[in-house]
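Here is the structure we will look at.
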There are 2 protein chains.
Amino acid sequence: MTGIAQRVAGFEGQLKDAGLRMTQQRRLILRVLAEADDHPDAKGIFTRAFALDPTLSLSTVYRTMKVLETQGAIERHAFEDGVSRYEHADQEHHDHLIDIESGEVIEFSSDAIEELQRRIAAELGYELVRHRLELYGRKKRPGVRGKKG
Amino acid sequence: MTGIAQRVAGFEGQLKDAGLRMTQQRRLILRVLAEADDHPDAKGIFTRAFALDPTLSLSTVYRTMKVLETQGAIERHAFEDGVSRYEHADQEHHDHLIDIESGEVIEFSSDAIEELQRRIAAELGYELVRHRLELYGRKKRPGVRGKKG
DNA sequence: TCCTTATTGCAAATGTTTCGCAACTGCATT
DNA sequence: AATGCAGTTGCGAAACATTTGCAATAAGGA
Ligand SMILES: [Mn+2]
Ligand SMILES: [Mn+2]
Ligand SMILES: [Zn+2]
Ligand SMILES: [Zn+2]
């Protein structure tokens, strides 16, 4: 919902408060991130940004992702393949379902499962701080119902 | 519940069926794995096994873990720190809660959450094949109840 | 025991992410 | 607009976990 410009401006403020600078590179990466509707890894972000500014380096992408993560501007995920994937954090919490055939990542959120996780942790004597939930599935062919169908 | 000897014997059969061999190294690693009650990584397994046979190499541990995983004899997990951790697969499915202060890994299982995940996937048009669920929490101090306590 | 081939140890290669460092630039201040 | 101090960047090298090529070794059926 928030526009790119506003988001960049808002982030600029956060940086300033932390004594950090808004550089061309950060602006560029922020833009790439804002325009992304998937979950790119560092190399993917680099590729997209590099197309707009071929002086950018991959190191800077990594460093920027760290800054953005610290500022809470992005979230980092590590799905099965192990590499870090990023997405902007201006949306509310959600988890992911990965299509094991296509690799497509589908977002979902469920209050019920969030609550259940909290309860499970509590029963074990823990306060839930964060969690990682990934579902790996295969697309159901329409028309095929459950075992008893 | 299953004894180490039986487990090794059973695995030997699986290997044979796959045209693979039961080597000293595999026997050793299997033993280390069977005696482990935690979730060691490759280096951890190597260290324990190396103590019993200092001719073993780390490569062999990695290769063996791959074979064992393919045979379904072990499970591999990758918690937040990124490295692969292993455990024998002779117990029923469970998920993990990690104490973010001590690093301790607590196992738990919940039919409710398993079912809920299946339902969520189904609602998105997917058949759930596997999942990853990790809870990261902090030990509650006894005597301190919820916000309204 | 012999033979075939799976397996091993070693070192080198990978792939991802981090780091040291000198050059560069944002930006607050003259 | 010019100055100066950090914070930042690009580059190459390092770090780290894991994989792989290869020649030597050993499992296990004949
Ligand atoms: Mn997402
Ligand atoms: Mn476990
Ligand atoms: Zn969630
Ligand atoms: Zn589960």
Side-chain angles (χ1 to χ4, degrees), chain A residues 8-9 11-32 39-47 49-71 73-86, chain B residues 8-9 11-32 39-47 49-71 73-86:
Chain A
V8 171
F11 180 66
E12 198 156 346
Q14 288 182 54
L15 283 183
K16 189 170 295 181
D17 295 345
L20 304 177
R21 293 170 186 173
M22 172 53 67
T23 64
Q24 290 305 315
Q25 291 88 336
R26 285 175 182 167
R27 222 183 301 274
L28 172 60
I29 292 171
L30 229 27
R31 177 177 151 194
V32 167
H39 301 76
D41 62 9
K43 198 187 292 181
I45 294 166
F46 171 69
T47 301
F50 187 83
L52 302 173
D53 173 3
T55 69
L56 181 69
S57 81
L58 181 55
S59 304
T60 297
V61 172
Y62 276 110
R63 281 191 280 235
T64 300
M65 298 324 282
K66 195 160 288 185
V67 171
L68 292 172
E69 193 186 359
T70 301
Q71 302 297 315
I74 62 167
E75 294 222 336
R76 182 169 38 140
H77 304 292
F79 300 147
E80 272 191 339
D81 62 34
V83 312
S84 292
R85 314 194 94 83
Y86 309 87
Chain B
V8 171
F11 181 66
E12 199 155 347
Q14 287 182 56
L15 283 184
K16 188 169 295 181
D17 295 345
L20 304 178
R21 296 169 185 175
M22 173 53 69
T23 64
Q24 290 306 316
Q25 292 87 337
R26 285 175 182 166
R27 221 182 300 276
L28 171 61
I29 291 171
L30 229 28
R31 176 176 153 194
V32 166
H39 301 76
D41 61 9
K43 198 188 292 181
I45 293 166
F46 171 69
T47 302
F50 186 84
L52 302 174
D53 173 3
T55 69
L56 181 71
S57 83
L58 181 55
S59 304
T60 297
V61 172
Y62 276 110
R63 281 191 278 234
T64 300
M65 299 324 284
K66 195 160 288 182
V67 171
L68 292 172
E69 192 186 359
T70 301
Q71 301 300 314
I74 61 166
E75 295 222 335
R76 184 172 36 149
H77 304 291
F79 300 147
E80 271 191 340
D81 62 35
V83 312
S84 291
R85 314 193 92 84
Y86 309 87

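Just so we're on the same page: letters track the sequence lines, and every chain starts at 1.
B:Arg21 and B:Leu15 make their closest contact through O-CD1, 3.5 Å (heavy atoms, listed as atom of the first residue, atom of the second, distance).
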Derivation of the side chain to side chain contact (heavy atoms under 4.5 Å, CB included) call for A:Val67 and A:Arg26: CA-CA 10 Å; A:Val67 171; A:Arg26 285 175 182 167; 3.9 Å; yes
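In this structure, B:Ser59 does not reach the C:dA11 phosphate: none of its side-chain N or O atoms is under 4.0 Å from OP1 or OP2. Distances shown here put a side-chain N or O of B:Thr23 below 4.0 Å from the OP1 or OP2 atom of C:dT8. For C:dT18, neither phosphate oxygen OP1 nor OP2 lies less than 4.0 angstrom from any side-chain nitrogen or oxygen of A:Tyr62. Note on B:Arg21: every side-chain N or O is 4.0 Å or more away from OP1 and OP2 of D:dA26.
At whole-Å resolution of the value, CD in A:Gln24 and P in C:dG26 are 6 Å apart. Per the geometry, CG belonging to B:Leu68 stands 12 Å off P belonging to C:dT7, to the nearest Å. D:dT19 atom P lies 15 Å from atom NZ of B:Lys43, rounded to whole Å. Between the OH atom of B:Tyr86 and the C1' atom of D:dA17 there is a distance of 9 Å, rounded to whole Å. Rounded to a whole Å, the CZ atom of A:Phe46 is 12 Å from the C1' atom of D:dC11. Taking atom NZ on B:Lys66 and atom P on C:dT7, their separation rounds to 14 Å, with Å as the unit. Per the geometry, CE belonging to A:Met22 stands 22 Å off P belonging to D:dA6, to the nearest Å. Going from atom CG of B:Leu28 over to atom P of C:dT8 covers 11 Å, rounded to whole Å.
Between A:Met22 and A:Leu30, some side-chain heavy-atom pair lies under the 4.5 Å cut-off.
With B:Arg85 contributing its side chain and B:His39 its backbone, the two residues share a donor-acceptor pair below 3.5 Å.
Ring orientation note: the planes of A:Phe79 and A:His77 are close to parallel, at an angle under 30° on the 30°/60° scale.
Ranking D:dG29, C:dT8, D:dT18 by closeness to the B:Ala42 side chain, first place goes to D:dT18. Looking at the side chain of B:Leu56, the nearest of the listed nucleotides D:dA17, C:dG9, D:dG10 is C:dG9. Residue B:Val83 has its side chain nearest to D:dA17 when only D:dT9, D:dA17, D:dG7 are considered. Taking every side-chain heavy atom of B:Lys16 into account, D:dG29 is the closest of D:dG10, C:dT7, D:dG29.
If B:Asp41 and B:Gln25 are placed on DNA chain D by their nearest nucleotide, the residue sitting closer to the 5' end is B:Asp41. Between B:Arg27 and A:Leu15, the residue anchored closer to the 5' end of DNA chain D is A:Leu15, taking for each the nucleotide with the nearest heavy atom.
Among the protein residues, B:Arg63 comes within range of the nucleic acid bases, having at least one heavy atom under 4.0 Å from a base atom. Residue contacts for A:Gly19: at a heavy-atom cut-off of 4.0 Å it reaches the sugar-phosphate backbone alone, with no base atom in range.
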